[in-house]
Amino acid sequence: MCGQGNTDRFAKAHQRMLTRDLMGRDITDPEVLRVMGEVRRQEFVPQAYESQAYADSPLPIGMGQTISQPYIVALMTQELHLNQDCDVLEIGTGSGYQTAVLSKLVKKVYTIERFGQLSESAQAALGRLGIDNVEFCIGDGSCGWPRQKWDDKLERMVEWQPQFDRIMITAAVPKIPQPLLEQLKEDGLIIAPVGGTGVQELIAAEKKAAHITKRFICDVRFVKLLGEYGFEE
Ligand code: SAM
């Protein structure tokens with residue numbers, strides 16, 4: 001399954017990640033496994049951690065932030081039940097690894113990162129991989145995707161109401177931010193680590209008839225989402 005494009009010194013570790021850390025747990029979606037086999041995690045970790053690129057753990061990426069554990073990336077992706085018609089909003093671009101995985105399963109990914117430096121290196125990594133269905137934004141993702149965009153015809157900024165089929169929050173939130181629930185389409189799904197600093201509950205929430213139903217998936221540990229609807233700095 002792996003091998004595809006990773007016939008280098010990482011191939012064995014990449015294959016072990018797929019069979020032991022993903023399939024050996026509860027990752028069963030063939031499309032998620034295919035993409036986890038396709039996206040090379042070594043492209044997203046700092047050089048100093050390259051030898052640990054397929055470790056079953058998060059790794060530092062600078063600015064006090066981390067690239068998520070591969071299993072958690074796969075699990076959150078699987079829980080979103082994605083398809084090629086989906087527009088996905090990701091809060092917390094980080095290294096861009098999760099962004100790259102999402103981009104291969106959906107129509108378009110909109111991703112927001114608080115640190116310009118992380119967003120820029122994620123943009124460079126995705127550019128090197130030829131991924132062109134991702135829009136990047138630097139700012140406070142707890143407030144959702146910006147409600148103003150450039151109109152080419154009018155040659156000025158115009159108001160719009162962004163709406164997404166799926167939303168993934170990749171940092172811990174005290175509760176799911178209201179602006180994100182508002183930007184979720186009817187029948188849409190949002191996944192987020194919810195709770196305090198330390199351990200959080202990974203929650204999948206579905207919007208049906210403007211009502212939100214929440215489902216507990218498992219306990220997780222994420223860095224904090226800082227911002228207006230996240231934690232205070
Ligand atoms: N999924 C990412 C990856 O694979 O590399 C890891 C994301 S990391 C666990 C969480 C990210 O959320 C960090 O890069 C952090 O800077 C970002 N973040 C924290 N608060 C944020 C906010 N209010 N808006 C956008 N990004 C935020």
Side-chain angles (χ1 to χ4, degrees), residues 17 21-22 32 35-36 39-46 49-50 52-80 88-106 109-126 129 131 134-146 162 164 166-180 183 190-195 197-200 202 220-233:
M17 175 195 97
D21 304 334
L22 307 189
V32 173
V35 169
M36 292 299 291
V39 179
R40 296 148 50 103
R41 195 167 181 247
Q42 69 266 29
E43 306 280 350
F44 298 89
V45 303
Y49 292 98
E50 226 183 45
Q52 298 170 53
Y54 294 95
D56 187 26
S57 64
L59 294 169
I61 54 171
M63 315 301 292
Q65 305 303 316
T66 53
I67 177 174
S68 304
Q69 178 191 10
Y71 168 67
I72 293 294
V73 169
L75 179 66
M76 289 177 78
T77 307
Q78 180 168 269
E79 289 287 345
L80 276 186
V88 180
L89 173 63
E90 180 195 33
I91 309 298
T93 316
S95 68
Y97 177 58
Q98 173 77 76
T99 321
V101 168
L102 291 171
S103 75
K104 291 180 176 282
L105 293 164
V106 304
V109 183
Y110 298 77
T111 184
I112 311 180
E113 170 56 51
R114 189 171 160 261
F115 289 111
Q117 197 175 313
L118 292 181
S119 179
E120 278 158 25
S121 73
Q123 290 180 45
L126 269 70
L129 298 178
I131 293 171
V134 177
E135 214 170 299
F136 295 86
C137 170
I138 297 168
D140 179 4
S142 77
C143 299
W145 192 259
F164 303 97
R166 305 284 188 267
I167 299 179
M168 181 184 285
I169 308 177
T170 72
V173 283
K175 60 179 197 172
I176 299 178
Q178 186 58 28
L180 297 181
Q183 292 193 347
I190 184 164
I191 189 161
V194 182
T197 53
V199 178
Q200 305 93 31
L202 187 63
V220 286
R221 272 176 195 276
F222 273 86
V223 294
K224 290 189 286 187
L225 190 92
L226 301 176
E228 193 174 334
Y229 294 86
F231 288 97
E232 278 182 24
E233 293 189 41

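Indexing begins at 1, ligand by ligand and atom by atom, following the structure's order.
- Looking at T77 and Q98, their side chains do bring a donor and an acceptor atom within 3.5 Å of each other.
- Checked by atom type, the side-chain pair E90/T99 shows a donor-acceptor distance below 3.5 Å.
- Using a 4.5 Å heavy-atom cutoff, the side chains of V73 and Q69 are not in contact.
- Looking at heavy atoms from C-beta onward, Q65 lies in side-chain contact with V223 at the 4.5 angstrom threshold.
- The main-chain N or O of I176 is never found under 3.5 Å from a side-chain atom of Q178 such that the two would form a donor-acceptor pair.
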Output block, N or O contacts of ligand 1, threshold 3.5 Å exclusive:
from, atom 1, to, atom 2, distance (Å)
ligand 1, 4 (O), Q98, N, 3.4
ligand 1, 5 (O), S95, N, 2.9
ligand 1, 5 (O), S95, OG, 2.6
ligand 1, 14 (O), E113, OE1, 2.7
ligand 1, 14 (O), E113, OE2, 3.4
ligand 1, 16 (O), E113, OE2, 2.6
ligand 1, 20 (N), L226, N, 3.0
ligand 1, 23 (N), D140, OD1, 2.9
ligand 1, 23 (N), L226, O, 2.5
ligand 1, 24 (N), G139, O, 3.4
ligand 1, 24 (N), G141, N, 2.8
ligand 1, 26 (N), R114, N, 3.3

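- For the residue pair E43 and Y97, no side-chain donor N or O sits within less than 3.5 Å of a side-chain acceptor on the partner.
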